[in-house]
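Okay, so here's the structure we're looking at.
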Protein chains: 2
Amino acid sequence: LSNFDLSSIPVKDSMIDAEIVAHVQLQNPLEHALLVLTKTGYNAVPVLDLESKFCGIISKSNIVEEMFGIEQIEVSRLHEKKVEDVMESDVPTITEQDSLEKALHILINYSFVCVVDEEEKMQGIYTRREILKQIRNEFYR
Amino acid sequence: LSNFDLSSIPVKDSMIDAEIVAHVQLQNPLEHALLVLTKTGYNAVPVLDLESKFCGIISKSNIVEEMFGIEQIEVSRLHEKKVEDVMESDVPTITEQDSLEKALHILINYSFVCVVDEEEKMQGIYTRREILKQIRNEFYR
Ligand SMILES: Nc1ncnc2c1ncn2[C@@H]1O[C@@H]2COP(=O)(O)O[C@H]3[C@@H](O)[C@H](n4cnc5c(N)ncnc54)O[C@@H]3COP(=O)(O)O[C@H]2[C@H]1O
Ligand SMILES: Nc1ncnc2c1ncn2[C@@H]1O[C@@H]2COP(=O)(O)O[C@H]3[C@@H](O)[C@H](n4cnc5c(N)ncnc54)O[C@@H]3COP(=O)(O)O[C@H]2[C@H]1O
């Protein structure tokens, strides 16, 4: 029926290149990160350090949760805290040579996964939308 | 290799039942909607009317964009505006009998799709995570 084999296709061919991946820096204040997320329209983006090494993921949720004070929404915390204070650093990454099958397992739990080289520099991201398009093209072109 | 055929599997079997789908009402103020989204941890949820009919989707983005005033973050707008003022109403829906193939096409552009009956009442949602799990189980159990 189909010799569709995700384990033989490397991520490299269909990943979103680092150049067009919106991201923030470890040291950015949360207010800046929220602005980036709002302007780009993404719910979560990678966090890089000054050498473009992947450090984690920051989401709108991480930031908005920080705003909810005891009684009401408190915007001041957004000036005080930084990306590195609230980001999620314990997230899986893959390399360009890894297969779509490996990406599939990760994308069940994460809406995107960062592609990094041997020095942990971000080369791109691979998203659920990309893998679903690949699957649709294989089965239903 | 595999007789995996998404067009023959109805959504019904693997959808997330309406009972456990977080949602908000048309008339809720945005502050309430933001609290629901923050507490549940979801970036977007369905919007229902008083008869449980599906009306649209509201996302954290819709609400956070509303907060960005001319000079700074203005929380007051969240008390003034309602869910129906900022939600996205022009979104596709499917029925219980629709196939995973039909869901796949929609899930390329939306992270979830609402399942409705003939009266537009929400019966559940079908998500990217669900379809990716189904695909993984078919190919890589
Ligand atoms: N500006 C836009 N135009 C058209 N559709 C849009 C869009 N923004 C979001 N979407 C749609 O909404 C889905 C979820 O976006 P979200 O921002 O939660 O989650 C995104 C975001 O966290 C991240 N992402 C995607 N592209 C990115 C980029 N260029 N830079 C940084 N992060 C990105 O990967 C996640 C999954 O993305 P995916 O494409 O699978 O899925 C996207 C896409 O189908
Ligand atoms: N509390 C939690 N526990 C574990 N993992 C979590 C989680 N919240 C989010 N995730 C993970 O993050 C993905 C994106 O969530 P998001 O809230 O942007 O996007 C969600 C959300 O907008 C909506 N959604 C999912 N379950 C829902 C529910 N029970 N009620 C209302 N909306 C739901 O469907 C979208 C896609 O969901 P999907 O499961 O494919 O994908 C989810 C899931 O893999």
Side-chain angles (χ1 to χ4, degrees), chain A residues 1-8 30-44 59-69 72-79 99-112 127-140, chain B residues 1-8 30-44 59-69 72-79 99-112 127-140:
Chain A
L1 206 63
S2 161
N3 55 6
F4 184 49
D5 183 12
L6 293 178
S7 62
S8 64
L30 292 190
E31 188 175 24
H32 173 81
L34 189 61
L35 199 64
V36 169
L37 290 169
T38 306
K39 290 280 175 231
T40 58
Y42 296 119
N43 280 315
S59 70
K60 245 173 210 142
S61 308
N62 300 143
I63 303 175
V64 170
E65 271 179 43
E66 207 51 47
M67 273 166 52
F68 275 95
Q72 60 202 345
I73 295 176
E74 286 171 25
V75 178
S76 54
R77 294 179 191 209
L78 298 192
H79 310 307
S99 68
L100 294 201
E101 182 196 350
K102 180 164 181 176
L104 173 63
H105 293 294
I106 295 171
L107 292 173
I108 279 167
N109 291 315
Y110 295 87
S111 56
F112 73 96
T127 64
R128 280 175 170 175
R129 183 168 191 271
E130 273 311 312
I131 206 170
L132 289 171
K133 281 189 346 189
Q134 287 261 325
I135 291 164
R136 179 210 42 198
N137 293 348
E138 266 328 292
F139 278 101
Y140 304 105
Chain B
L1 206 62
S2 164
N3 54 7
F4 184 48
D5 184 13
L6 293 177
S7 62
S8 64
L30 292 190
E31 189 176 24
H32 173 79
L34 188 60
L35 199 64
V36 170
L37 290 169
T38 307
K39 290 280 176 230
T40 57
Y42 297 119
N43 281 315
S59 70
K60 244 174 209 141
S61 308
N62 300 142
I63 302 175
V64 171
E65 270 178 44
E66 206 52 44
M67 273 167 53
F68 275 95
Q72 61 201 344
I73 295 176
E74 287 171 24
V75 178
S76 52
R77 293 180 192 207
L78 298 192
H79 311 305
S99 68
L100 293 201
E101 182 196 349
K102 180 161 179 178
L104 174 63
H105 293 293
I106 295 171
L107 293 173
I108 280 166
N109 292 316
Y110 295 87
S111 58
F112 73 96
T127 64
R128 281 175 170 175
R129 183 166 190 271
E130 272 311 312
I131 206 169
L132 289 171
K133 282 189 346 188
Q134 288 259 326
I135 290 164
R136 178 209 44 198
N137 293 347
E138 264 331 289
F139 278 101
Y140 305 105

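Every value quoted in this text rests on a predicted model; they were computed, and no experiment measured them. Naming convention: chains lettered A, B, ... in sequence-line order (proteins, then strands); numbering from 1 in each chain.
- Of the two parts of B:Leu35, the backbone and the side chain both hold a non-hydrogen atom closer than 4.5 Å to a non-hydrogen atom of chain A.
- Side-chain atoms of B:Leu30 and B:Glu66, non-hydrogen and from C-beta on, do get closer than 4.5 Å to each other.
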Checklist entry - Can you check side-chain contact (heavy atoms from CB on, under 4.5 Å) on B:Asp5 and A:Phe139, steps first, answer last? => result CA-CA 9 Å; B:Asp5 184 13; A:Phe139 278 101; over 6 Å; no

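- Residues A:Ile131 and B:Ile135 have side chains not in contact (no heavy-atom distance under 4.5 Å, counting atoms from C-beta outward).
- Heavy atoms of A:Leu107 lying under 4.5 Å from chain B belong to its backbone as well as its side chain.
- With a 4.5 Å cut-off on side-chain heavy atoms, A:Arg128 and B:Arg129 count as touching.
- When A:Asn109, A:Leu34, A:Leu37, A:Thr127 are compared by the number of non-hydrogen pairs under 4.5 Å with chain B, A:Leu34 comes out ahead.
- Comparing A:Lys133, A:Glu101, A:His105 by how many heavy-atom pairs each has under 4.5 Å with chain B, the most go to A:Glu101.
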